[in-house]
Structures are given as structure tokens and as C-alpha cells.
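Presented below is the structure to which this report refers.
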Amino acid sequence: MNKPIKKITIILTVISLFPIIFFSINEYLSLNKNEKIIQDIYKNQLEAIIFSINQYSDDIVRSWMFKTEDIIRQNKDEKLLEKSLKEYLPITQSVKNIVLADTSLDVLIAAKFSDSELISKIIKNNINLVRRFFIYKNQNYQKIESIDFGEDVLLLFVTNNDKICLFQLNKKDFVTKNLSGRIRSIASDQFMVGIFHSGNAVYSTENFTIEEAQQRANFWLIPGYQLAMSVKGDTLEEIIHTRIYTNIALIAALGLLMSIGMYFVYRNIKREMELAQIKSDFVSNVSHELRTPLALINMYAETLEMDRIKSEEKKKEYYSIISGETNRLSNIVNRILSFSKLEAGKRNFVLEKIDLNEIAKKIYATYLHHLQNRQFEFLFVTVGEIIIKGDKEAISEVIVNLIDNASKYSKEIKKIILRTGIQDGFGFVEVEDSGIGIAKEEQDKIFDKFYRASKGLIHDTKGTGIGLALVKYIVEGNNGKIELESDTSKGSKFRILFPLEEDKKYV
Ligand code: ATP
Ligand code: MG
């Protein structure tokens with residue numbers, strides 16, 4: 001990789017990787033923070049809901065308390081008071097008995113007398129509590145104390161009318177009759193709420209165990225009872241995990257997208273730079289190609305002009321060098337013109353019936369002397385007439401270019417075989433050399449315009465890199481195809497195939 005491309009690669013990597021890494025770390029850190037915040041919010045919310053259920057139960061009992069005080073106030077007569085209390089019991093739905101005692105602790109009035117003895121004993125046992133309640137009451141604060149009473153609970157308080165009051169409340173009825181409606185409306189379809197006793201649900205909106213609950217708290221009014229609740233559907237952990245996974249997937253997708261984008265940017269820049277490099281190479285190659293024959297022509301012409309050469313033989317030799325170099329010059333110019341015409345799409349091929357063998361033979365005759373002069377062994381192997389449809393001039397150009405390459409890229413073994421033949425309905429012409437060969441990875445590229453292989457003796461061989469591009473254009477324009485066999489230890493074989501004329505195909 002050359003220096004600027006390396007630099008661009010590093011810059012692109014830094015540009016694309018830094019934001020991704022920074023974003024990922026930041027996201028990961030904030031995830032943990034967010035997770036904690038969400039957890040706290042949920043915990044607080046569940047706590048608040050549980051608190052509201054406890055508060056609601058307390059409010060119910062306090063409403064009974066106020067009602068009882070009202071009843072006491074309105075019924076001075078004991079019998080009427082008893083009757084009114086009895087009538088009030090069913091309205092509460094879960095209070096089985098209301099017992100009133102005065103400060104002497106004798107049972108004065110009870111809605112029902114079934115457990116009165118026992119209840120008065122309980123009040124006596126809690127005498128210290130009652131005393132404290134009287135002190136609270138004088139400070140305008142009414143406290144309620146729950147005392148466990150089997151399947152019931154006794155709620156003890158002091159009334160505004162200085163009576164000790166006791167509600168005998170059925171635990172289960174209170175939960176199922178007084179609270180269930182409220183619990184159901186709180187739960188709606190968002191939460192699961194339940195009231196549990198020793199691990200068993202006394203009431204619950206959904207089938208769940210107390211261990212599964214996300215938040216638990218004691219039920220204030222009933223000793224031993226617990227309120228428990230959970231978020232319905234996905235648990236908190238699941239929600240957070242889903243969020244983490246979604247974010248990670250998003251980051252990964254973003255990273256992938258950026259990498260793909262960067263890859264395309266990188267590829268385009270690389271291609272542009274390579275093209276710029278190739279173009280500048282082309283310009284210097286062309287200049288070099290033109291300068292050498294021009295210098296030779298100039299040198300020999302000047303020598304002749306000065307009339308320094310006396311021998312006719314030498315003069316002839318100089319003239320022939322000048323004409324040879326002029327030919328070379330015009331070849332180069334013609335090739336460049338031909339190439340630019342093809343590039344611009346301005347060259348039209350005239351396809352007509354031609355004998356490929358005849359064309360090859362003519363070129364062989366033209367180049368034999370020239371190549372032999374350069375110590376080449378030049379052979380022509382043929383099968384006879386090969387009629388194809390093609391542009392004669394253009395196909396000649398192809399063969400000349402291939403022979404030119406074969407001679408240019410041969411080193412120790414100077415042997416070129418020009419061969420014509422027939423293969424699977426195609427007529428072909430082939431140029432084989434025993435030269436430097438072409439590395440496998442370059443075999444696709446040598447047909448690109450301006451491309452010159454970077455290995456071997458290429459740097460001391462002149463060329464513009466358009467010969468094979470020209471060959472490819474022409475072959476495609478004549479409906480032909482190219483086959484290349486090349487090995488850096490054996491040499492190269494370029495075979496150009498054209499479809500045989502229909503009536504000649506099966507001969
Ligand atoms: P020019 O435009 O003058 O022909 P060139 O010969 O360098 O220049 P191409 O004919 O397009 O350009 O060939 C492209 C490259 O393919 C050459 O530079 C050379 O590296 C490689 N190549 C072509 N023919 C052969 C061959 N017969 N043996 C080895 N290498 C070859
Ligand atoms: Mg060439």
C-alpha cells in the first residue's frame with residue numbers, strides 16, 4: 001500500500017472507529033446508570049401503591065370509627081345505642097362486633113355479647129396501651145392498635161366521647177369484601193397485587209406466589225398479613241435486558257453500516273488515487289516513448305546533415321535507422337489515436353468475411369526479417385484457411401500488438417510462435433512466447449487501460465500500457481474472446497478466438 005492510501009486508511013479507521021467506541025462505552029455506562037434509575041423508579045412506584053392500599057384500609061377503619069362516635073353521640077340511651085350499633089354491623093361488611101367500655105373497663109355495651117367477657121379481659125391486659133391512647137386523644141391524635149384474635153383481629157382505640165372502643169374484625173372478610181374492589185382497580189392490567197398470610201394468598205388479582213413478588217410490605221391493620229405486588233407482563237429485569245440487547249444490536253448495526261460506508265469511501269478514494277497514478281505514469285511513459293526515437297532521429301539526421309559520413313554503406317544504415325525510428329514514432333502515435341478513438345466510441349468495425357490465416361501469414365512475412373534481426377526465432381504454425389467475420393485492419397492490429405508484446409517481454413529465450421487454428425466452432429490466432437510471463441494475480445489487470453505489470457523486467461521495457469486494452473476493445477467489437485495462459489517460468493500464450501463463418505463451421 002502506498003503512503004497516501006495508508007494515511008487515508010488510518011484517517012478513515014479513526015473517523016469511523018472512534019465515534020463507535022465512544023458511543024458504545026457511553027451507552028454501556030449510561031445503561032448501568034439508567035438501569036439503576038429505572039429500578040429505583042419502579043421500586044418507589046410499587047412502594048407508593050402498597051402504601052396507598054395500607055392507607056386505604058386505615059381510612060376505612062377510621063370511617064367506622066367516626067360513624068361509631070356519631071352513633072354514641074346520637075344515642076344517649078344504652079338500649080338504643082346497642083340497637084344502633086347492631087344495625088350498623090352489616091353495613092361494615094366485615095366487623096363482627098363493636099364493644100364499648102368506659103374508663104372503669106367494665107363492658108358497657110356490645111353489639112353482640114358472645115365474646116364480651118373475653119374482650120373485656122383483653123382490654124384489661126392492654127391497660128397501659130389504653131392509658132397511652134387517652135393521652136394521645138387529649139393531644140387530638142387517635143391511634144388504632146391491632147390485636148390478633150384468631151381468624152379475627154381486634155382494633156382498639158379511644159373515641160372522642162372518652163369510650164374505649166373495640167372492633168372485632170374478620171380478617172378474611174375485610175380483605176375480600178372491603179379491600180378487593182380497590183385492589184382490583186389499582187392493579188388494573190398493569191400490576192399483580194395480593195394479600196398473603198404465611199405464604200398463602202388470602203386474596204390476589206393474579207395467580208402468583210409471594211416469592212415472585214417484586215415488592216412486599218406488612219399489612220398495617222392485620223398482624224402477620226403481607227401485601228405483595230409485581231409488574232405484570234415483562235419483569236423489570238426482562239425490560240432492562242431487552243433494552244440492553246436492543247441497544248447492543250443497534251450499536252452493532254450502526255458499526256456495520258459505518259464500516260460498509262467507510263469501505264466504499266476507501267475503495268473509491270483508492271481507485272481515484274490509483275487512476276491518478278496510472279495517468280501520470282502514462283504521461284511519463286508516452287513522453288519517454290516519444291523522446292527516444294526523436295533523439296535518435298535527431299542525432300543521425302544531424303550527423304548526415306554535417307556531411308561527416310563518407311561511406312555510402314554507413315549513410316544507408318543511418319537512413320534506415322531514421323526511417324525505422326520514424327516508423328516506431330508513427331506506430332506509437334497511431335496506437336494512441338486508435339485507443340482514444342475506441343475510448344470515445346468513435347471507431348466502427350466493418351465486419352466482413354476474412355481469412356484469419358491469410359492475415360496472420362501476411363503479418364508473419366512482414367515481421368520475420370525484423371525479428372530475426374533481433375535474434376528471434378519466429379515460427380508460423382497453421383492449419384490452412386480459417387474464414388471468420390471480422391474487421392481485417394483491426395484484427396491485424398491485435399496480432400501486431402501481441403507480437404510486439406511477445407518480443408518486448410522475452411529475455412533469454414527469444415522464441416515466438418504465431419499459430420492459427422480451429423477450436424469448438426471458433427477460428428483462432430495465437431502468439432506464444434518463452435518470455436518473462438505474467439503473475440497469476442496480474443493476468444486480469446493487464447487488459448485494463450494504462451496498466452503495466454509491476455514485476456520482472458518491466459521497468460526497463462518501454463510501453464504505454466494501452467496495447468492490450470486496445471486488443472480487448474477490438475476483440476470484443478469483433479465478437480471474439482481472449483484466452484491467456486501464462487506462467488512466470490514458461491512464458492505466455494495469448495489466444496484470440498472469433499466465431500467461424502456459419503457455412504464453414506462444420507467443414
Ligand atoms: P504498449 O502500450 O506500448 O503496448 P505495454 O506493452 O506495457 O505498452 P500492454 O501491451 O497493454 O502495455 O501490456 C500490459 C502489460 O502486460 C505489460 O506492461 C506487461 O507487463 C504485460 N504483458 C503483456 N504481454 C506480455 C507478455 N507476452 N509477456 C509478459 N508480460 C506481458
Ligand atoms: Mg504492448
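Heads up: numbering here begins at 1 and tracks the sequence. Every number for a ligand or one of its atoms is a count from 1 in the order of the listing.
The number of protein N, O or S atoms lying under 2.8 Å from the Mg ion (ligand 2) is 1.
Residue-ligand proximity, R335 to ligand 1, at heavy-atom distances under 4.0 Å covers atoms 1 (P), 2 (O), 3 (O), 4 (O). When each atom of ligand 1 is checked for a heavy atom of I436 under 4.0 Å away, the hits are 29 (C). Listed by atom number, the atoms of ligand 1 under 4.0 Å from G467 heavy atoms are 1 (P), 2 (O), 4 (O), 9 (P), 10 (O), 11 (O). The atoms of ligand 1 that sit less than 4.0 Å from any heavy atom of Y451 are 14 (C), 15 (C). Close approach of ligand 1 to K408 (heavy-atom distance below 4.0 Å) involves ligand atoms 1 (P), 3 (O), 4 (O), 5 (P), 6 (O), 8 (O).
Residue contacts with ligand 1 for D433 involve side-chain atoms from C-beta outward but no N, CA, C or O (heavy atoms, distance under 4.0 Å). The part of I438 lying near ligand 1 is the side chain, judged by heavy-atom distances below 4.0 Å.
Residue L468 places at least one N or O, backbone or side chain, under 3.5 Å from an N or O of ligand 1. Polar contact check, G465 against ligand 1: a nitrogen or oxygen pair lies under 3.5 Å apart. Ligand 1 has no nitrogen or oxygen under 3.5 angstrom from a nitrogen or oxygen of N401.
Using 4.0 Å as the threshold, F494 has a heavy atom nearer than that to some atom of ligand 1. Ligand 1 lies nowhere less than 4.0 angstrom from a heavy atom belonging to G435.
Looking only at side-chain heavy atoms (C-beta outward), I363 and S396 come within less than 4.5 Å of each other.
Look at K361 and E358 and you find no salt bridge, because none of the NZ, NE, NH1 or NH2 atoms lies under 4.0 Å from a carboxylate O. Salt bridge status for E317 with K314: present, with a side-chain N to carboxylate O gap under 4.0 Å. Classification of E312 and K316 as a salt-bridged pair fails, no side-chain N sitting under 4.0 Å from a carboxylate O. A salt bridge does not link E397 to K341: none of the charged side-chain nitrogens sits closer than 4.0 Å to a carboxylate oxygen.
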Would you be so kind as to tabulate the donor-acceptor pairs closer than 3.5 Å made by side chains of residues 464-480, with sequence neighbours excluded?
residue	atom	partner	partner atom	Å
Y473	OH	E343	OE2	2.5
N478	OD1	D391	N	2.8
N478	ND2	I474	O	2.8

Table please: side-chain donor-acceptor pairs of residues 364-383 below 3.5 Å, with sequence neighbours left out.
residue	atom	partner	partner atom	Å
Y364	OH	F378	O	2.9
T366	OG1	K362	O	2.7
H369	NE2	N373	ND2	3.4
Q375	NE2	N373	O	3.4
T382	OG1	N357	OD1	2.2
T382	OG1	N357	ND2	3.3
T382	OG1	G384	N	3.2
T382	OG1	T420	OG1	2.9

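Nearest-heavy-atom check against atom 6 (O) of ligand 1 across F282, Y409, F339 picks out Y409.
Between the side chains of N200 and S198, no donor N or O sits under 3.5 Å from an acceptor N or O. Remark: the Q215 side chain and the Y42 side chain contain no N/O donor-acceptor pair separated by less than 3.5 Å.
Geometrically, K481 engages F426 in a cation-pi contact, judged by NZ or CZ lying under 6.0 Å from the ring centre and within 45° of the ring axis.
Not counting sequence neighbours, the partners of Y318 by the ring pair (Phe, Tyr, Trp, His ring centres under 6.0 Å) test are Y300.
Between F174 and Y203, the distance from one ring center to the other does not fall under 6.0 angstrom.
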